[in-house]
Structure formats: C-alpha cells, structure tokens
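Heavy-atom basis, side chains included; hydrogens, waters and symmetry copies ignored. Source: prediction; values computed, not measured. Residue numbers start from 1 in every chain, and the chains themselves are labelled A, B, ... in the order their sequence lines are given, proteins ahead of strands.
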Amino acid sequence: MLKSFSLRTLKLCAVAGVVSVMSIFAPSPTFAADVLHLKDGKVLEGKVSREMNGYVWFTWMVGDIEKTEMFAPNLISKLEKDSHEPPKAAPATKPETKPAATPNTKPSAPTTDAKPATPAVAAAPSASRMGSAPRAAIISLGEGRNNMVGVFFTADSLRRIIPALEEEHIETVVFRINSGGGLALELQPLSDVIHNEYKPKFRVAAWIESAISAAAMTSHCIEEIYMMPQGNYGGCTMFRPDGQGGGIAAKDRELEEVLFQMEKISARGKHPKEIMRSMQIMEPLSCTIDENGDVHWYNNESGQFLVNPQDKVLTFDAKDAVKYKFARGIANDIDELGKAMGYTEVNWVGKQVPGVPYPVCKAEEQIRSFRERVANDQKLTQTYFTEYGTAFAMAQGSPPEDRGKFIAKCKSALSKIERMVKNNPNFSFLIFNRLPEDFKYWVEEREEELRKLQKK
Amino acid sequence: MHASFLNHLVRRVQPVVGMLALAGLGPALPLATGVLATPAPAVAQEAAGDDVIVFTNGKKITGKITEETATTVTIRFSTSGIPATVTYQKSELLSITKGTGKTEPAPATPTKAGEPARATPKNDMRASTDPTDPNKKKVYKLELNGVFGEDISQTPMRQAIQDARKLDADYIIVVLDNDWSLRRFGQMGEIKDDQSGFEQFWRVEDMDPVLTEEIERQWTKKPTVVFWIKKAMGGAAFLPLSCPNIYFHSEGKMGGIGQVEETVKSGDEVVRQKLIGARLGHVRGMAVKGGYDPRIVLAMTLTDYVLSYRMSGGKPEFLERAPASPDEEPLTDDGKEGNKDNNEALARAEGNDCLTLKADIAFTLGISKGTVDSYDHLMQKLGLSRDGIQLNGKADQLMKAWKTGLGSAKRQLPKLWEQVGDVAVKDPGGYPERTAARNRRKALINEMQGIEKKYEEALNPRAIGVPGWADLETMKKEIELQQLQDKPDRR
C-alpha cells in the first residue's frame with residue numbers, strides 16, 4: 001500500500017534523495033583508451049573500471065559529465081582494450097578475477113590480457129586467494145508480515161550493510177524480495193542506493209517471491225530479475241487508502257510525476273517503459289517477439305501477445321515474466337538460482353540459520369536484525385509514548401523531591417524513541433511528521449521540558 | 001557454504017533412480033521441483049508386438065495395453081517376474097507405441113559399475129510390518145481437519161512434518177477435510193459453495209513452506225507429498241496447489257474462493273484493479289508452483305472470467321472464451337445478467353460463475369490424479385498396498401493438541417481479562433495491599449500475553465473481545481508507573 005505526503009515534504013525528500021550519476025572510480029578517462037561495442041550498435045570510448053564474470057563496468061564522458069555503468073555480457077558485442085598503460089594510472093591492487101565460464105556469455109575480454117585494473121575502490125580479491133567460485137550473498141528485502149517498503153526495508157538500511165558485504169568480499173548481491181509495497185517516498189532513495197552504490201561494486205540481481213507496488217518499483221532499477229515459481233511482480237498504482245479497503249489514485253500532476261519517475265527508473269534497469277506504465281495505470285500492454293527472439297512492446301493491443309488488457313493493471317506471474325523475457329529465469333532455491341545466473345559454481349556466503357532457506361551472511365544478519373528491531377518498535381510505539389506521557393504527568397503532579405524517579409522513566413522512554421528513529425529514520429516523519437534531520441529538535445524540546453521539570 | 005552443482009545433482013539423482021527401480025507398482029509420480037532425473041532403462045526386454053509407454057520423466061514401461069480411454073491407459077507388464085496391471089493418466093505420458101515389432105537389447109536388472117545393486121520387490125504375499133524393512137515405503141498420514149487458519153495452522157503442521165522426518169517417512173499423505181460448516185458462527189448447516197474465503201490465501205502463504213520449502217531444505221531424502229481432497233474450501237483450496245500429487249474423494253470439492261472482485265469494493269477503479277490484480281498474482285503463483293495452469297485459479301476466483309476447454313492429446317487445452325464448437329466444454333461464464341447463477345443452479349451446486357472443482361472435473365483438468373474413496377484405495381493407487389508400511393506418527397495428537405489448546409485459549413482469554421478488571425485491593429487497603437493488587441493484575445496480563453503469543457498465528461484477540469499483546473504491554477507499563485507513584489502509608 002502506498003502513502004503520499006504533502007508536496008513540501010515530497011519535494012524536501014526529493015531533494016534529499018536526488019543523486020546525480022557520478023563516477024566513483026578514478027582516474028577519470030581523460031583519454032579514450034578502451035572501446036566497448038554493444039549489441040544495440042552503440043560504441044562507447046572510455047575506460048574499463050572493472051570486469052567480473054563477463055560483466056564490464058565502463059566509464060566514459062557524456063559531454064562534460066563522467067558516466068559509469070555496468071554492462072551485462074549479453075549486451076556486449078566486443079570489448080577492445082587499449083594496450084598502452086595510462087602514465088598516471090593508480091597502482092594495481094590485485095589482478096582482476098577471470099570471468100567464470102557461463103553458458104550464455106561470450107568472453108568480453110581476452111583472458112590472457114595481463115593489464116591490471118585501476119579501480120578507485122579496492123578490487124575484489126583475486127579468484128586465486130578466495131577460491132574459484134564467485135562469492136555471492138542473499139539479502140532479504142521483506143519477510144512475512146514485516147515487508148513494508150520504507151518501514152522494513154529502506155535505503156538507509158541498505159547503505160549501512162555495504163561495509164559488511166565488502167568485508168566478506170561479496171561479488172554478487174541477490175536481493176530476495178517479498179513485499180506488498182509501501183511508501184512512495186522511499187522509492188527514489190532505494191533506487192538511488194541500488195543503482196549508484198550497489199551496482200558499481202557488485203553484480204546485482206533480484207529474486208522475486210512477491211514484489212507488489214513499491215516493492216516492484218524498487219526492483220525495477222535492477223536488470224537481472226529472477227522469479228520464484230510462485231513469484232508475482234507488478235500492481236504499481238500509487239494511491240492513498242480510503243479507509244474502506246480501497247484507495248484514491250494519484251491523479252493529474254502527481255500521477256504524471258510518478259509515471260515519469262518510473263520511466264527513468266525503468267531505464268536504469270533497462271526495462272521497456274511500456275511495462276511499468278501498464279503496472280501503474282490501466283493501460284493495455286502487448287508485445288511481439290521477432291525472429292531474433294527480441295521482444296517489442298506496445299501500450300496498445302496491436303502486438304502478437306496481449307499481456308495486459310485495457311481495463312486491468314498488470315501483475316506478472318513467474319511464467320509470463322519469463323515468457324515475455326522480463327525475467328531471466330525461474331528459480332526455486334539458491335542452487336537453481338545460481339544456475340539461472342549462469343554460474344557453474346558459486347559460493348553462497350554465510351552460515352546456516354534454522355528457518356532460513358539460504359546461508360545468512362553478515363550483511364543479511366544486519367538486515368534481519370534491523371527488521372526485528374523495527375517490528376518490535378512498531379509494536380511498542382504506543383507503549384513508549386504512554387510511558388513518557390504518564391511518567392511526565394506523574395512528575396508534574398509530584399513534589400520536586402519526588403520527581404526524579406518519574407523523570408528517569410521519561411528519559412528511559414525517550415531513549416527508546418530515539419533508538420527507534422535512529423534504527424529507522426523514516427519513523428521520524430511517519431510518527432512525528434518531521435524530516436529525519438529535524439527529529440533532533442523534537443528530542444531537544446523533550447529534554448528541555450524535563451530539565452525544567454527537574455528545576456522547579 | 002560452498003555449493004557444487006555437480007555434487008547436488010548426484011545426491012538428488014540417486015534417490016530418484018531408486019524410486020524408478022520400483023516402476024510398475026504404482027503410478028509414475030512427478031518428481032519434486034528442481035530434481036533432474038536421468039531416463040530410466042526399460043524394466044523388461046521388449047518383444048515383438050509389445051507396447052511401450054514413455055513417461056514425461058523419461059521412464060519407460062513395456063507390456064501389453066489392455067485398455068485405453070481418452071485420458072488413461074492401462075498396461076499389463078511384469079517387473080522382476082512380478083506381474084502387474086496399472087492405469088496411468090495420459091497427462092503423465094510422453095508417448096504410447098503399440099507393437100514395436102522389434103527387439104531392443106535391454107539389461108535385465110541394469111546397474112552401472114560401482115552402483116549398489118537395487119533392491120527388487122519381493123514376490124511375497126505377506127505384507128511386512130517391519131518399519132526397518134528396506135523394501136517397504138514408510139507412509140505418514142497427516143489429517144487436516146477443523147477450521148482453516150485456526151485448527152489447520154502452520155505450527156502443528158510443522159511439528160507433524162518434523163515427526164515424519166524423525167520416522168524417515170517416504171510418503172506424507174495429507175488428508176484435507178476442512179470445516180466448512182456454520183458451526184463456528186453458532187449455526188447449523190454448511191457454508192454455501194459460492195461464499196468466498198479468498199482472503200484466507202494469506203494464511204496459505206504461512207503454511208505452504210512447511211510442505212514445500214522446509215522439506216526441500218531439511219530432509220536428506222525428500223518424501224513424496226500427496227494430497228487427498230475431501231474438502232478444500234475457502235483458503236484451504238489454495239493449500240494443495242503447490243503439490244503436484246492430488247487425489248480426490250468422489251465427494252471431494254475444492255473451491256469457495258470466488259468473487260475476488262468483492263474483496264475491494266471502494267475507491268477508484270484503477271486502485272481496485274491494482275489490489276485485485278496483486279491478489280490474483282499471489283494465487284496464480286501458487287498454481288504455477290505446483291505445475292498447474294493458473295487459468296484454472298482465475299476461473300475459481302473471478303466471477304467475470306470466461307473459461308472453456310477441449311481435450312487434445314489426452315490433455316485439456318484451455319480457451320478464454322465460451323465454447324464455439326461441440327468438442328469444447330464450458331467451465332465458467334461471465335456471471336453477468338442472464339448468465340448469473342440462479343437459485344436452482346446454486347442450490348444444486350451447479351453454478352458456473354466461479355469454478356468449484358469436484359472429483360470428475362478435477363481429474364479431467366489434470367488437477368487430480370485419480371478419485372479414491374478410501375485410504376486403502378489411495379494406497380493401492382500409489383502402489384503402497386503391499387509395499388507401504390503405515391507409520392505410527394503423532395500427527396493426530398499434535399493437530400488435536402493445537403486445536404484443543406486454541407479452543408481453550410479463546411475461552412480463557414476473556415475470563416482472564418475479566419479477572420484483570422475484577423482485581424480489588426484487599427482490606428485494609430494499605431500500600432502492601434495495593435502493591436499486591438497491582439502484582440496480581442500484572443501476573444494476569446502476563447498470562448494473557450503468553451497465551452496470545454503461543455497462538456498468535458491463529459488467534460485474533462479483538463475478535464474475542466480482549467486487548468492484543470501490545471495493548472497489554474502498555475497496560476503493564478502504566479501499572480509499573482502507578483506502583484512507582486505509590487508510597488507506603490504514613491502512620
């Protein structure tokens with residue numbers, strides 16, 4: 001279920017959430033050294049920042065702007081690497097991992113090329129040190145009833161676990177998604193952290209158990225999507241609940257803004273914009289699969305296959321998602337997932353935890369702990385406020401010499417509230433209607449009133 | 001954890017090959033999801049004039065076809081000298097070849113070098129009751145009856161499956177017969193088939209992993225799960241969908257999940273369509289997981305969804321329109337105006353606005369593998385009459401203990417809540433007496449919280465008129481603060 005907030009809040013959050021495309025690798029490609037030929041005919045001149053398992057991170061200039069993007073093997077026609085070393089190249093840290101042989105990829109670079117990479121961030125340890133299998137991690141976004149976007153998974157929590165992923169030398173991150181949606185406000189921050197902070201460091205994939213509404217919109221910036229057999233994906237209409245089980249849809253300017261937002265996010269994930277459009281509004285969607293197997297999409301019923309009729313909002317099941325090549329495959333478990341991702345061997349990093357169907361790495365432990373704390377705080381929010389309010393009233397009604405114990409209770413409740421917001425800053429505007437950076441003023445006001453109470 | 005696919009393939013193939021060695025004593029059962037099977041060798045040498053049937057999993061049986069219908073084929077053959085006559089559904093078969101006229105060399109009891117010799121079924125009329133007999137398949141029965149989502153719930157199911165694992169079950173037979181009566185509402189009679197329990201699908205998403213994902217993960221030798229449907233109405237209709245092995249009782253029915261469009265009645269139409277579409281996405285996924293056509297689920301849930309079928313090559317071919325030729329059969333119409341089910345149709349359970357699966361149509365559509373009216377008959381169908389041994393599991397006790405406990409919880413909670421309100425400060429009403437009263441209230445609240453926590457998956461406190469766990473926690477905090485505020489009386 002999506003919520004919408006005041007335009008001012010939206011704008012403030014939009015400003016806070018906007019992240020321009022930046023290069024995170026240095027040095028900048030002051031001269032075009034490498035040439036990347038893409039299957040769609042584009043030719044890019046720039047610099048290979050990183051290579052792994054056929055995936056190429058490539059940096060090039062668009063006008064004055066430096067752009068870095070990851071290209072999957074199936075998009076690459078040819079990669080020509082410059083044989084001359086740039087004079088001021090950063091010292092190589094470790095040789096790049098050789099791309100593992102995968103069924104559907106062509107080697108994008110000659111494996112005999114001894115030129116080391118020159119990343120600005122620490123390169124993944126070489127295959128020889130960590131073992132030949134790439135290191136992959138499952139990160140769950142949503143689980144059971146604890147699945148609301150913006151509450152149980154947030155951009156902030158995803159950002160916080162990146163160091164743990166790097167510490168365990170993870171190369172591939174698979175987001176296992178099980179969510180019925182949530183806050184529209186969290187969409188852009190989530191998309192930004194995945195696109196701008198995860199993709200440059202890791203191969204990123206989404207493994208869908210259920211991605212409805214904001215959850216699908218979050219996943220949409222990811223190119224590699226795999227479905228569980230029971231998977232579902234779509235239903236992205238933005239609305240405000242009407243309190244009777246239904247909702248009031250976004251309209252006019254608000255609707256156009258979110259349609260445009262999702263066109264841009266579709267481009268990040270290299271998904272045709274027609275698909276998301278039919279997931280947001282009652283727009284027909286059809287497609288034609290040509291003799292090369294390429295799928296052409298139309299927001300009308302003229303295509304070979306009618307995917308979504310005029311009067312419906314699209315939600316894919318696993319079969320259709322794969323049939324129309326929106327998803328790359330169906331995987332029931334991590335073994336099938338590894339195969340679908342083209343791995344002959346993969347090291348799923350982490351330890352076995354009872355009740356969890358995949359190894360739990362440190363980053364996943366942190367995300368689980370985050371969700372548990374949020375669930376607990378959500379259950380006890382009323383208790384925290386009651387404790388503070390009741391203790392404050394009792395302090396006010398007591399002689400000064402007796403107030404200490406009640407003020408201590410107030411401080412205890414206040415500290416629980418602070419920890420709640422620190423764990424999930426979105427509680428700041430969900431509960432207090434304040435931006436996260438303004439929450440500290442609310443705390444200061446409470447501390448001030450407690451100080452006054454103590455003095456009288 | 002390091003996973004090598006090759007090792008996983010070897011571990012998974014061996015039990016499959018073991019199963020196939022007993023071919024011919026029961027219907028070929030589809031393999032668990034993710035298992036890759038190698039084609040099994042022929043179990044007997046083909047002779048001129050022999051008929052050969054090949055299954056979709058590669059298994060082959062050679063013998064003499066004695067009967068063939070539009071949907072089934074019956075073949076007489078022998079394995080290791082034991083004669084058998086078995087009927088298979090054509091939906092399980094890849095090909096049927098009659099009278100090959102040529103002899104193909106085939107190993108009598110094919111084994112590869114290094115493989116242990118496979119146990120062949122004993123030609124013994126006496127049924128062994130020895131659970132350690134390696135030739136016997138251990139069968140664990142789990143009966144699910146009672147109110148779906150309450151008596152039938154994931155915690156006791158999980159306990160039963162764990163019990164089955166301890167007993168090393170080869171088969172888990174889930175007998176589904178949920179309570180579709182009005183008794184829980186204090187009335188006699190049954191809920192009508194056209195009433196909808198669609199929203200209970202959320203509960204299925206809690207229970208399904210117990211029978212699928214958890215078994216995949218926790219069992220070394222995975223059992224075959226088989227559903228026998230007596231009644232799967234309301235949310236219970238979704239539970240068998242992820243299982244590829246379903247049998248029906250002749251009076252069995254699966255449905256009561258129609259009118260999904262009624263789950264969202266207010267608001268803008270685009271939001272309605274989004275919410276309904278998302279719900280349908282969930283339940284279509286359940287059918288896909290079990291290998292069933294999701295259009296069947298649409299027919300069971302959407303009033304205006306039109307579905308017909310015709311048989312082609314022994315399999316149903318679905319058509320999203322009304323029948324247009326004599327070989328096409330209607331399943332559901334659009335339920336509008338003249339097509340809306342009338343009282344006569346509803347009274348006779350012949351309504352077709354939404355599909356309710358009965359034994360015959362479930363078999364025709366490939367949902368059911370067969371109709372059996374007794375447990376023994378089911379064992380016979382599965383080839384387990386002689387080669388199966390019934391385990392003395394604790395499933396019944398576990399399900400009953402949960403049901404009894406839940407019923408008791410529903411009665412106990414309102415009483416405890418009343419007691420909380422009735423706690424009075426005893427005379428003379430001093431500080432010790434006030435403290436004792438508060439401690440008593442807290443103790444009662446703690447007891448309520450313990451019960452709610454234990455049954456939280458199946459219990460709705462508000463529905464029985466008591467506060468939920470979080471509200472009780474707030475009350476405890478208030479009591480603590482009141483205690484803090486109180487002081488010993490001055491003399």
| field | Distance, nearest 0.5 Å, that separates OG1 of B/T332 from CD1 of B/I296 | value | 11.0 Å
| field | Spacing of NZ belonging to A/K379 relative to CD belonging to A/Q382, to within rounding of 0.5 Å | value | 15.0 Å
Quick one: what part of [X] sits under 4.5 Å from any heavy atom of chain B, side chain, backbone, both or neither?
X      : value
A/D311 : backbone
A/K409 : side chain
A/I248 : both
A/N308 : neither
A/Q280 : backbone
A/F385 : neither
A/D242 : side chain
A/V360 : neither

Would you mind checking which part of [X] comes under 4.5 Å of any heavy atom in chain A, side chain (CB onward), backbone (N, CA, C, O), both or neither?
X      : result
B/K487 : side chain
B/E213 : side chain
B/R217 : side chain
B/D208 : neither

For [X] and [Y], indicate whether the former's side chain and the latter's backbone hold a donor-acceptor pair under 3.5 Å.
X      : Y      : answer
B/K222 : B/W219 : yes
A/E283 : A/S278 : no
A/S179 : A/G181 : yes
A/Q230 : B/M286 : no
A/R403 : A/S398 : yes
B/E452 : B/W469 : yes

| request: Look at the aromatic rings of B/F201 and B/H282 and report parallel, tilted or perpendicular, splitting at 30° and 60°. | output: tilted
For chain B, the option from [options] that forms the most heavy-atom pairs under 4.5 Å:
options                        : result
A/M279, A/E209, A/M227, A/E387 : A/E387
A/G247, A/G231, A/G234         : A/G247
A/A391, A/A249, A/G245, A/G397 : A/A249

Chain A contacts, top residue of [options] (heavy-atom pairs, under 4.5 Å):
options                        : result
B/K476, B/Q485, B/E205         : B/Q485
B/R272, B/E214, B/Q273         : B/Q273
B/T212, B/V288, B/V283, B/D268 : B/D268
B/G267, B/A470, B/S266         : B/S266

| query | Quick one: side-chain hydrogen bond (donor to acceptor under 3.5 Å, both in side chains) partners of B/E457, sequence neighbours excluded? | reply | B/S153, B/T155
Throw together a table of side-chain donor-acceptor distances under 3.5 angstrom for residues 477-484 of chain B, partners on residues two or more places apart or in other chains.
{"residue": "B/Q483", "atom": "OE1", "partner": "B/R438", "partner atom": "NH1", "Å": "2.5"}
{"residue": "B/Q483", "atom": "NE2", "partner": "B/Y431", "partner atom": "OH", "Å": "3.3"}
{"residue": "B/Q483", "atom": "NE2", "partner": "B/T435", "partner atom": "OG1", "Å": "3.0"}

| request: Decide side-chain contact (heavy atoms from CB on, under 4.5 Å) for A/V307 and A/Y324; before the verdict, give the C-alpha distance in whole Å, the side-chain angles of both, and the deciding distance to 0.1 Å. | output: CA-CA 9 Å; A/V307 178; A/Y324 301 121; 3.8 Å; yes
